[in-house]
2 protein chains.
Amino acid sequence: MARPDASGPRARLNRPSVLAAAVALADEVGVEGLSMRRLAQELGVVPMALYKHVRNKDELLDGMVEFLIGEIGDVGETEAAEDWKGRARTRVLAAREVLMRHPWARRLFETRSTKTGAVLDYMNSFAGILLSGGLSAELTHHAMHAIGGRMWGFTQELFEDEPSTPPQGPEAAAMMQEMAQRFPHIAAIASMEHDDSVVGRGCDDQFEFEFALDLILDGIERRHLSGWRSTP
Amino acid sequence: MARPDASGPRARLNRPSVLAAAVALADEVGVEGLSMRRLAQELGVVPMALYKHVRNKDELLDGMVEFLIGEIGDVGETEAAEDWKGRARTRVLAAREVLMRHPWARRLFETRSTKTGAVLDYMNSFAGILLSGGLSAELTHHAMHAIGGRMWGFTQELFEDEPSTPPQGPEAAAMMQEMAQRFPHIAAIASMEHDDSVVGRGCDDQFEFEFALDLILDGIERRHLSGWRSTP
DNA sequence: CTGCGCTGGTGTACGGCGTACGCCTTCGAC
DNA sequence: GTCGAAGGCGTACGCCGTACACCAGCGCAG
């Protein structure tokens with residue numbers, strides 16, 4: 001009775017609630033204003049309490065990315081009876097919608113390099129859209145890279161292999177087998193060297209970059225030559 | 001004679017030498033390992049000494065960007081007798097070459113948002129390449145934006161106006177006049193609404209994003225339909 | 001030659017950060 | 001009722017950026 005329920009004295013923390021609070025706080029003060037201490041204070045808790053739910057700040061940031069990917073999923077549901085191009089388009093625009101709601105998130109996506117399960121899931125399903133349209137694994141691979149180059153001269157590396165731990169022993173092979181099952185589309189576009197090796201060598205970064213660059217320049221030239229105008 | 005010249009006891013600091021040392025240090029320990037204290041130590045000087053040459057760490061970072069843009073200039077000299085597409089291509093690849101030499105720099109370019117003179121110079125000359133090819137100011141504007149979108153759903157904002165200080169009074173007009181003279185190409189593509197206003201309203205972000213997205217998707221589709229293979 | 005001001009390096013100090021480590025409370029299972 | 005684990009607490013450490021006051025040496029006016 002006297003138990004204050006709605007505005008309770010303190011709700012027990014858990015990982016999702018911590019992540020949600022972190023996202024909310026970042027919405028308020030930006031990602032550079034987000035600190036463990038500040039977040040703890042927002043939750044009415046001492047800083048070290050957070051470490052019971054999150055290994056460290058990096059993992060908190062990764063968790064926030066995960067959280068946002070969840071939001072993308074919520075947005076981009078009805079992408080049924082379109083061709084691959086339309087589906088890819090609406091998917092990207094759904095992602096964009098989420099990113100626009102959380103302006104700080106762009107930085108976060110750019111910064112984080114570790115690929116959590118959620119990130120791989122997203123990439124996998126995106127690759128799936130292209131593959132289901134009949135695009136070859138090769139073209140899909142390069143297309144994935146193409147969506148992200150810039151005038152300054154670099155490409156967002158999607159598959160930054162970091163081969164510090166090259167496939168070693170039979171248990172590694174088993175793990176890759178499992179990966180291939182969980183992320184079949186990624187597996188399909190990751191290997192193009194031989195049909196048997198599921199996860200191939202890293203890709204030729206320079207090639208990817210020039211592929212994307214030429215894609216853009218060709219498209220611009222085509223529009224230029226056909227007298228493109230913004231208001232047709 | 002006894003004056004130790006080459007390995008002197010202490011060379012006087014100045015802004016360029018501080019920036020160069022910062023770049024060198026970042027090459028060693030990465031940009032996240034770069035701290036004012038560490039940099040000072042590397043220069044054999046007390047941390048606060050740096051603040052005589054750089055207002056704060058943000059300005060140091062901006063200065064490093066400047067420094068790298070200088071390197072791009074050194075690389076991309078011989079871009080004479082090509083068409084606009086070729087010149088844009090070699091320019092971008094020159095930028096890329098520099099970025100590859102300093103892997104940490106990509107993050108830095110993505111993070112920094114303030115446009116120093118060097119940045120504007122670079123953008124201006126890049127726009128100049130496109131304009132000199134006969135591209136309309138409109139198409140050039142969108143093309144600049146297009147070189148930098150990604151699957152996650154955002155575009156690198158080149159002209160993030162942040163209209164906190166909208167053009168006010170006659171002295172602002174004078175400043176814009178000066179801008180237009182120093183960066184004529186940027187002025188040309190920044191305004192497309194009326195021929196008289198030199199610096200127009202901010203641009204439609206959503207339009208830019210979809211322009212770039214369609215550019216890429218169209219290009220991929222074209223390659224797909226014509227049976228593109230990586231080894232022709 | 002003297003004194004003075006300016007430029008640039010120094011020393012100290014403060015508040016904020018991430019987080020290691022150990023203690024204490026709470027609560028569900030038995 | 002007991003116990004063990006899970007979760008929140010307190011303290012402490014070593015980094016960080018940087019404000020502020022001070023001082024060394026040099027160029028120059030007198």
Side-chain angles (χ1 to χ4, degrees), chain A residues 1-5 7-26 28-65 104 107-108 111-114 116, chain B residues 2-5 7-26 28-65 104 107-108 111-114:
Chain A
M1 249 193 213
R3 200 162 108 268
D5 236 344
S7 66
R10 180 85 103 284
R12 198 92 164 204
L13 258 43
N14 52 44
R15 192 178 147 95
S17 71
V18 167
L19 296 182
V23 167
L25 181 56
E28 270 179 46
V29 300
V31 73
E32 73 286 345
L34 172 74
S35 73
M36 298 298 274
R37 298 172 118 102
R38 177 76 198 273
L39 176 57
Q41 175 183 321
E42 212 78 13
L43 288 165
V45 116
V46 90
M48 287 312 291
L50 300 177
Y51 288 80
K52 287 278 153 63
H53 306 279
V54 148
R55 211 184 311 274
N56 51 40
K57 192 178 183 183
D58 264 11
E59 206 199 86
L60 176 76
L61 262 23
D62 283 341
M64 292 168 69
V65 169
W104 47 269
R107 292 271 172 82
L108 197 55
T111 308
R112 302 282 87 196
S113 59
T114 58
T116 65
Chain B
R3 201 162 106 268
D5 237 343
S7 65
R10 178 84 106 286
R12 199 91 160 198
L13 256 45
N14 52 42
R15 192 179 147 94
S17 71
V18 168
L19 296 182
V23 167
L25 180 55
E28 269 179 46
V29 301
V31 74
E32 73 286 345
L34 173 74
S35 71
M36 297 298 273
R37 298 172 117 102
R38 178 75 198 271
L39 176 57
Q41 176 183 320
E42 213 76 15
L43 288 165
V45 114
V46 90
M48 286 312 292
L50 301 177
Y51 288 81
K52 287 278 152 64
H53 308 278
V54 149
R55 210 185 311 276
N56 51 40
K57 191 178 181 184
D58 264 11
E59 206 199 84
L60 176 77
L61 262 22
D62 283 341
M64 292 167 69
V65 169
W104 47 269
R107 291 273 171 81
L108 197 55
T111 308
R112 303 283 87 198
S113 59
T114 57

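Here the structure is a predicted model, which is why all the values come from computation and not from measurement. A, B, ... follow the sequence lines: proteins, then strands. Residue 1 opens every chain.
A donor-acceptor pair is defined here as one N or O able to donate and one able to accept, closer than 3.5 Å; such a pair exists between the side chain of B/Thr111 and the backbone of B/Arg107.
Counting heavy atoms from C-beta on, the side chains of B/Leu19 and B/Val23 never come closer than 4.5 Å. The shortest distance between side-chain heavy atoms of A/Leu50 and A/Leu60 does not fall below 4.5 Å.
Residue A/His53 places none of its side-chain N or O atoms closer than 4.0 Å to OP1 or OP2 of D/dA6.
One can place CZ of B/Arg55 at 15 Å from P of D/dC20, the figure rounded to the nearest angstrom. Separating the CE atom of A/Met36 from the C1' atom of C/dC17 is a distance of 11 Å, rounded to the nearest angstrom. The CG atom of A/Leu43 sits 10 Å away from the P atom of D/dG8 (whole-angstrom rounding). If you measure from atom CZ of A/Arg38 to atom P of C/dG16, you get 12 Å, rounded to the nearest angstrom. Here the P atom of nucleotide C/dG16 and the CG atom of A/Leu39 are 17 Å apart, to the nearest Å. Between the P atom of C/dC6 and the CG atom of B/Asn14 lies a distance of 21 Å, rounded to the nearest Å. B/Arg12 places its CZ atom 8 Å from the C1' atom of D/dC26, with the value rounded to the nearest Å. Between the CE atom of B/Met48 and the C1' atom of D/dC20 there is a distance of 8 Å, given to the nearest Å.
For D/dG17, the base has a donor-acceptor partner in the side chain of B/Arg37 [N/O atoms by modelled type, under 3.5 angstrom]. Counting atom types as modelled, A/Lys52 pairs a side-chain N or O with a base atom of D/dG8 as donor and acceptor under 3.5 Å.
For B/Ser35, taking side-chain heavy atoms from C-beta onward, the closest of the listed nucleotides C/dT19, D/dG17, D/dC9 is D/dG17.
One finds the CE atom of B/Met36 at 8.5 Å from the CG atom of B/Leu34 (value rounded to the nearest 0.5 Å).
In this structure, A/Asp58 and B/Val46 both approach DNA chain C, and ranking their closest nucleotides by distance from the 5' end singles out B/Val46.
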